[in-house]
Protein chains: 2
Amino acid sequence: MTKDVDMCEELCTHEENINQVKNNALVEKEILGLSEIFKALGDPTRIRILYALTQSELCVCDLVDILAMTQSAISHQLRTLRNLRLVKYRKEGKKVFYSLDDEHIINFLTQGLAHIRHN
Amino acid sequence: MTKDVDMCEELCTHEENINQVKNNALVEKEILGLSEIFKALGDPTRIRILYALTQSELCVCDLVDILAMTQSAISHQLRTLRNLRLVKYRKEGKKVFYSLDDEHIINFLTQGLAHIRHN
DNA sequence: ACCTCATATGAATATATGCTCATGCGTTAT
DNA sequence: ATAACGCATGAGCATATATTCATATGAGGT
């Protein structure tokens, strides 16, 4: 009767406890959804864009000026944020105005700031 | 008098508005701090580890069993989480028990779940 | 029609990241 | 002491990601 446990015996915690953790585990869709949105927030440029947009609707040109980065770099990042529906846009002539499309973003940012300040 | 504006005129929004956004901008330390912590949450494996730890203190071995991944992969991710002080550990003989070291983590996860469910 | 401006996007490149494999290290058991 | 166990870690590799460069698109002005 070779038990199919060729690694550790997983008896650190009580087995029923382990099973409970397994049963409560997130489903794959939730895991991917969570990591996806946090990954979007996990870049300095996107943080700066989103934080700027918490204060005002802005066009690409404004963001180029505020972040002091190339228009291409910013447009690429806006595309990422658009795909995740974190920002929405509105066209006005040649210009495109971006704004936040997700109330949760502000909460994440403020809570994140509270976190690093409380450090 | 060539104005040093060889790109767009940044007149989309009122200039004082732009300046206000600039003045309110996060300092570099905050930007990097925010993106760092969100980047840590931006990976499926780390999400699964952290979510498991919200339910119980667990040893590496337990996590190997729960996540069904190699011990090496999990140890590497735990190292990342440790470096960011998101988890703490406690040694007991040969085993090492990990637990959350940051109250904010649970808030991020639950708020993130609310976000993707509300989708 | 032509040109310019504001923005988007594909390709290329450099860097970062996650996992595997092999191995090291400390603790306990024999 | 030696071996086994639980865990950590460095190297290597494959993939992902962020920026730049060049170019496309589309709206307005002339």
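Throughout, protein chains are lettered first and strands after them, A, B, ... in sequence-line order, and every chain is numbered starting at 1. Quick caveat: nothing in here was measured; it's all calculated off a predicted structure.
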Subject >> Within 6.0 Å of CZ in B/Phe97, more than 12 heavy atoms from elsewhere >> reply: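 Counting neighbours around CZ of B/Phe97, more than 12 heavy atoms of other residues, nucleotides or ligands fall under 6.0 Å, so yes.
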Subject >> SG proximity flag B/Cys12/A/Cys61, limit 2.5 angstrom >> reply: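 No disulfide here.
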Rounded to whole Å, how long is the line connecting atom [atom1] of [X] with atom [atom2] of [N]?
X       : N      : atom1 : atom2 : answer
A/Leu41 : D/dT17 : CG    : C1'   : 16 Å
B/Lys95 : D/dA8  : NZ    : C1'   : 17 Å
A/Gln77 : C/dA8  : CD    : C1'   : 14 Å
A/Asp43 : C/dT17 : CG    : P     : 10 Å
A/Arg79 : C/dT7  : CZ    : P     : 17 Å
B/Tyr89 : D/dG6  : OH    : P     : 19 Å

Can you find a side chain N or O atom of [X] that sits less than 4.0 Å from OP1 or OP2 on [N]?
X       : N      : result
B/Lys94 : C/dC25 : no
B/Thr45 : C/dC19 : yes
A/Arg46 : D/dT17 : no
B/Lys91 : D/dC7  : no
B/Arg90 : D/dC7  : no
A/Tyr98 : C/dA6  : no
B/Gln71 : C/dT20 : no
B/Thr70 : C/dT20 : yes

Original post:
Ring stacking, A/His76 with base of D/dT19, under 5.5 Å and under 30°?
Top reply: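 A/His76 vs D/dT19: stacking no.
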Original post:
With nearest nucleotides of DNA chain D determined for A/Gly93 and A/Ala73 from heavy-atom distances, which residue corresponds to the more 5′ nucleotide?
Top reply: A/Ala73
